[in-house]
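Keep in mind it's a predicted model, so treat the numbers as computed, not measured. Sequence positions, counted from 1, serve as the residue numbers for this chain. Basis for what follows: all heavy atoms, side chains included, without hydrogens, waters or symmetry-related copies.
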Amino acid sequence: MLVNDVSLRISAVAASQYPTDGWPEIALVGRSNVGKSSLTNRLINRKALARTSGAPGKTRTLNFYAVENELFLVDVPGYGYAKVSKKQRAEFGAMIEAYLTKRSVLRGVVQLVDGRHAPTADDVSMYRYLAYYELPVLVVATKMDKVKRSQFNRSESMIRKTLGLTPATRVVLFSAQEGFGKDAVWDWIEAHMAAE
């Protein structure tokens with residue numbers, strides 16, 4: 001997708017604040033500091049519209065980015081960060097669960113994992129959760145510019161095995177620094193925008 005018109009529509013904490021345009025939505029989920037903001041900025045050709053936080057676990061809202069007046073990319077709070085209190089984790093856990101399971105215009109989820117390491121227990125839990133609710137998932141392995149090209153197949157196989165992916169679930173190797181993988185992510189998003 002060629003992106004010229006993009007803006008942060010709202011940072012929401014409750015369903016009553018979600019946009020009512022009826023556009024398809026694609027959620028971005030992943031651990032804190034996995035590179036969700038960097039992926040978002042690369043997808044929308046902006047350097048810093050999606051803010052990268054210096055403090056992991058700081059984002060506690062659902063950020064709705066309006067793209068070309070036809071799609072929302074929804075940045076979901078990062079999971080798995082220990083310094084957030086149990087009460088706060090429970091609160092935004094409930095918010096995320098309500099969004100992922102009840103939002104009728106949600107067309108799919110992009111789950112980010114760090115391509116340099118095996119997915120964590122939190123990553124596995126999130127993937128199983130999304131699979132349980134039969135949400136279409138694209139797994140994006142981030143920070144792949146820090147992995148030797150000769151190790152790419154090994155990285156993908158480790159991610160597939162650890163998450164227990166079906167052959168139908170796609171894995172895209174991505175680098176925000178170098179930009180590779182961006183077109184494959186957009187292809188998946190565009191293919192799911194029209195799905196009901």
Side-chain angles (χ1 to χ4, degrees), residues 1-6 8 24-53 56 59 63-68 70-80 100 106-120 122-124 126-127 130-131 135-195:
M1 178 182 284
L2 281 171
V3 179
N4 297 305
D5 184 13
V6 63
L8 174 60
E25 294 174 5
I26 300 289
L28 307 172
V29 304
R31 284 185 306 115
S32 299
N33 272 12
V34 75
K36 285 198 312 305
S37 297
S38 299
L39 172 69
T40 304
N41 285 326
R42 182 54 92 158
L43 289 175
I44 62 179
N45 300 320
R46 297 293 188 278
K47 283 206 167 123
L49 183 61
R51 297 268 178 224
T52 50
S53 171
T59 306
N63 294 323
F64 289 79
Y65 294 93
V67 181
E68 293 298 316
E70 58 178 308
L71 165 73
F72 282 110
L73 291 177
V74 185
D75 185 8
V76 174
Y79 54 78
L100 292 174
L106 179 64
R107 296 286 179 260
V109 178
V110 175
Q111 181 179 5
L112 285 72
V113 296
D114 188 331
R116 300 171 299 176
H117 315 290
T120 65
D122 286 325
D123 292 325
V124 173
M126 175 55 83
Y127 179 74
L130 298 170
L135 288 161
V137 180
L138 172 68
V139 175
V140 173
T142 61
K143 309 185 184 188
M144 290 303 293
D145 49 284
K146 296 179 172 70
V147 177
K148 289 181 183 166
R149 297 247 172 188
S150 60
Q151 299 293 309
F152 276 18
N153 285 345
R154 186 174 164 273
S155 293
E156 180 173 345
S157 177
M158 175 177 65
I159 290 164
R160 286 192 165 282
K161 188 174 175 190
T162 308
L163 292 179
L165 301 185
T166 65
T169 302
R170 203 150 162 227
V171 175
V172 171
L173 306 181
F174 174 78
S175 164
Q177 293 293 107
E178 297 176 16
F180 64 78
K182 170 186 164 180
D183 290 344
V185 175
W186 265 126
D187 289 346
W188 187 90
I189 290 172
E190 289 178 322
H192 287 78
M193 279 169 65

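Between I26 atom CD1 and W186 atom CH2 the span is 9.0 Å, to the nearest 0.5 Å. Considering NZ of K36 and CG of L73, their distance stands at 13.0 Å, rounded to 0.5 Å. Note that CG of N33 and OG1 of T142 are 10.0 Å apart. Values are rounded to the nearest 0.5 Å. In this structure, CZ in F174 is found 4.5 Å from CG in L39, a value given to the nearest 0.5 Å.
If you run side chain to side chain contact (heavy atoms under 4.5 Å, CB included) between V34 and each of D114, L28, V29, only D114 comes through.
Annotation: side chain to side chain donor-acceptor pair (under 3.5 Å) contacts of R170 (sequence neighbours excluded): none. The side chain to side chain contact (heavy atoms under 4.5 Å, CB included) test applied to A66 returns S7, R9, W23, F72, not counting sequence neighbours. Partners of T169 by side chain to side chain contact (heavy atoms under 4.5 Å, CB included), not counting sequence neighbours, listed by chain and number: Y127, V139, L165, T166.
Side-chain contact check for I189 versus L43: some heavy-atom pair is nearer than 4.5 Å. Looking only at side-chain heavy atoms (C-beta outward), W188 and V172 stay at 4.5 Å or farther from each other.
Sequence neighbours left out, not one pair with a member in residues 137-147 passes salt bridge (Lys or Arg N to Asp or Glu O under 4.0 Å). Counting only residues at least two apart or in different chains, salt bridge (Lys or Arg N to Asp or Glu O under 4.0 Å) contacts with residues 174-190 comprise R149-E178. Pairs engaging residues 154-165 under the salt bridge (Lys or Arg N to Asp or Glu O under 4.0 Å) rule: E156-R160 [sequence neighbours left out].
Residues S37 and D75 share a closest heavy-atom pair of OG-OD2, 4.1 Å. Closest approach of L112 and Y79 over heavy atoms only: O-OH, 4.4 Å. A pairwise comparison of heavy atoms in A27 and L100 identifies CB-CD2, 4.3 Å as the closest pair. When all heavy atoms of G115 and S155 are compared, the closest pair comes out as O-OG, 3.5 Å.
A donor-acceptor pair shorter than 3.5 Å can be found between the side chains of T120 and D123.
Sparse packing is recorded around CG of N153, with 12 or fewer heavy atoms of other residues, nucleotides or ligands lying under 6.0 Å away.
Looking only at distances, a side-chain donor or acceptor of R42 sits under 3.5 Å from a matching main-chain atom of A176.
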